[in-house]
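Let me begin by presenting the structure, written as structure tokens, before commenting on it.
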2 protein chains.
Amino acid sequence: MGGSVDTAMKVGALAKRTGLTVRTLHHYDEIGLLTPGHRTTAGHRLYGEPEVRRLQQIASLRSLGLSLEEVRDCLRRPMYSLDRVLELQIERIQEQIDRQEQLRDLIHRLRDRLHSAEGVSVDDLTRTIEVTMNFEKYYSPEQMDQLRQRGETVGEERIQKVQEEWSELFAAYGKAMDDGLDPTSDTVKALARKSAALITEFTGGDPGIASSLGNMYRSEGGANVMANHGLQSPPGLWEYMGKASAALRSDS
Amino acid sequence: MGGSVDTAMKVGALAKRTGLTVRTLHHYDEIGLLTPGHRTTAGHRLYGEPEVRRLQQIASLRSLGLSLEEVRDCLRRPMYSLDRVLELQIERIQEQIDRQEQLRDLIHRLRDRLHSAEGVSVDDLTRTIEVTMNFEKYYSPEQMDQLRQRGETVGEERIQKVQEEWSELFAAYGKAMDDGLDPTSDTVKALARKSAALITEFTGGDPGIASSLGNMYRSEGGANVMANHGLQSPPGLWEYMGKASAALRSDS
DNA sequence: CTAAAACCTCACGTTACGTGAGGTGCAATA
DNA sequence: TATTGCACCTCACGTAACGTGAGGTTTTAG
């Protein structure tokens with residue numbers, strides 16, 4: 001954060017020029033989404049060009065339907081550059097236009113049927129309601145996954161490394177369990193700490209992604225990693241790991 | 001409310017077919033927006049065709065950006081028929097498409113500048129942020145007024161009658177004030193009751209509209225009505241009327 | 001210099017549900 | 001018929017992204 005202080009804007013000026021409210025900008029500061037570049041000695045917020053660029057990134061990601069927390073997490077990654085998010089936004093707009101044209105045509109047909117002798121059926125109505133009510137600016141779950149995967153594809157080498165570290169972690173967990181170590185012991189908690197760090201890196205700290213990654217590894221990816229190293233998932237290993245994570249969480 | 005019970009859907013079925021949630025339909029029932037046609041002896045909600053038609057009206061008005069309360073109040077008026085709201089929705093969609101095309105072009109130009117030697121200015125960014133962040137599904141205040149006026153145009157004769165009644169009310173209020181009647185007396189409260197009924201009729205009970213109508217009559221319409229009948233707004237009349245309304249409100 | 005506007009932090013409230021608890025009713029199957 | 005799983009009921013706390021107002025300090029313009 002920086003920029004020239006003498007060209008910086010105070011919060012009211014930025015709010016006015018962007019059509020946002022001061023309260024919104026306070027809120028963004030509060031949650032660490034958009035931190036002012038400087039503060040005056042009186043504590044007034046000052047925003048320069050870097051912050052305005054970041055606000056454009058925020059705006060574009062918001063327009064894709066991401067929550068503020070998701071936006072913040074995305075912006076932790078280099079692949080969500082200003083250019084990239086603008087590109088994503090354009091793609092999204094084009095999709096929206098297409099879908100709106102379809103919805104317009106659907107409603108035209110519904111009106112025609114409303115004016116016809118046969119009238120409209122309940123099915124006609126529920127179908128139109130569904131499209132209308134779910135015509136949101138948000139991606140479908142599949143598209144959200146795609147958005148995340150897109151980001152994850154970039155660090156292909158790192159991902160490979162991470163998978164190796166995961167398999168080492170699984171092995172270490174398995175050994176600890178075979179040795180009868182308590183999941184709350186320092187040794188096992190160290191493993192939990194390490195896996196938490198890997199998850200954080202992989203997900204940008206997004207608990208939602210972490211949760212679904214947990215599911216993925218549990219059901220498929222984890223089993224794949226184990227199988228790739230000739231290991232079978234011992235009974236109770238996931239539960240054991242869950243206990244270690246819970247113990248680690250209790251510490252903080 | 002009604003429809004054949006044997007073709008009616010339970011809440012889960014309706015939710016599934018419309019892509020809504022059971023919770024949403026419960027909520028709509030709770031706030032009187034969408035009441036089931038029937039209930040089974042066990043209390044299960046049953047929705048028939050009339051309810052589904054109403055839900056389509058709700059869906060369309062929601063897509064115009066009205067709050068649930070506003071939707072409910074609109075549906076109290078005959079001019080928001082299914083056909084009419086579908087028509088409004090189509091108009092809105094077309095507007096949205098136009099605006100999205102403009103936004104897409106704006107972002108294209110921003111990206112071009114991002115790639116150019118000169119780069120983007122803070123002004124470029126704030127302008128795009130403004131359009132992106134305020135690209136909502138909601139009407140602007142002017143458009144909302146237009147939506148309301150559109151409904152109000154239909155009952156042109158009735159409106160004429162209402163204006164006559166208002167001028168009679170103003171005259172009666174003026175006489176009561178000249179006679180030195182206390183604003184909290186039964187006579188003046190009867191006038192307040194009558195004006196409250198006129199406002200309710202005119203606004204469908206919408207307190208927001210009532211409030212802004214109050215402002216309109218106070219600043220312009222009211223003076224017009226008075227002037228149309230060769231009356232001048234006596235000093236203190238509005239205040240007097242406000243006191244009568246407050247006294248009436250204290251009774252309830 | 002003065003008054004109004006802009007700014008600060010704090011904190012309660014809003015809208016439209018999401019989520020879960022505890023219990024009853026309904027439908028399919030053995 | 002009995003059982004079990006699913007659908008439904010009401011109740012109620014919680015959420016995201018701010019809106020709104022209070023009480024006080026700082027800045028700006030006349």
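In what follows, chains carry the letters A, B, and so on, assigned in the order in which the sequence lines appear, proteins first and then strands, with residues in each chain numbered from 1. For clarity, every value in this text was computed on a predicted model and none was experimentally measured.
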From the candidates D/dC9, C/dA16, C/dC8, the one with an atom nearest any side-chain atom of B/V11 is D/dC9
Distance, rounded to the nearest Å, where B/L46 contributes CG and C/dC26 contributes C1'
13 Å
Could you check A/D29 against A/L34 for side chain to side chain contact (heavy atoms under 4.5 Å, CB included), going step by step and ending with a plain yes or no?
CA-CA 5 Å; A/D29 184 10; A/L34 181 67; over 6 Å; no
Proximal nucleotide (of D/dT20, D/dC9, C/dT9) relative to the A/R45 side chain
C/dT9
salt_bridge(A/E95, A/R99) N-O dist < 4.0 Å
no
Side chain of B/R62, heavy atoms from C-beta onward: which of C/dC17, C/dC26, D/dG19 has the nearest atom to it?
C/dC17
Salt-bridge test for A/R17 and B/D123: reply yes if a basic N is under 4.0 Å from a carboxylate O, no otherwise.
yes
Without decimals, in angstroms, what is the distance between A/R72 CZ and D/dA16 C1'?
13 Å
Under-4.0 Å side-chain N/O to phosphate OP1/OP2 contact, B/R39 with D/dT10:
yes
Given C/dG25, C/dT19, C/dC8, which nucleotide is nearest the side-chain atoms of B/R23?
C/dT19
Side chain of A/S67 only, please: which of D/dA17, D/dT10, D/dT26 is the nearest?
D/dA17
B/S60 side chain to B/Q56 side chain, donor-acceptor N/O pair below 3.5 angstrom
yes
In whole angstrom, give the distance that lies between atom CD of B/E69 and atom P of C/dC17.
14 Å
With respect to the phosphate group of C/dG18, does any side-chain polar atom (N or O) of B/T24 fall under 4.0 Å of OP1 or OP2?
yes
Taking the minimum atom-to-atom distance to the side chain of A/Y28, which one of D/dC18, C/dA16, D/dC9 wins?
D/dC18
For the pair made of CD in B/E70 and P in C/dT15, what is the distance, rounded to whole Å?
11 Å
Which listed nucleotide (C/dG18, D/dC18, D/dT28) is nearest to the side chain of A/K10?
D/dT28
Counting any heavy atom closer than 4.0 Å, what does B/T40 reach on the DNA or RNA strands: base, sugar-phosphate only, or nothing?
nothing
Is A/H26 close enough to C/dC8 that one of its side-chain N or O atoms is under 4.0 Å from OP1 or OP2 there?
yes
Please report, rounded to the nearest Å, how far the P atom of C/dT15 is from the NE2 atom of B/H27.
9 Å
Between B/E30 (CD) and C/dA16 (C1'), how many Å, whole number?
11 Å
Calculate the interatomic distance between A/H44 atom NE2 and C/dA5 atom C1'; express it in whole Å.
11 Å
Is any side-chain heavy atom of B/L110 closer than 4.5 Å to a side-chain heavy atom of B/L106?
no
Toward the 5' end of DNA chain C, which comes first, B/L68 or B/A42, by nearest nucleotide?
B/L68
Protein-nucleotide distance (B/L66, atom CG; C/dT15, atom C1'), rounded to Å
14 Å
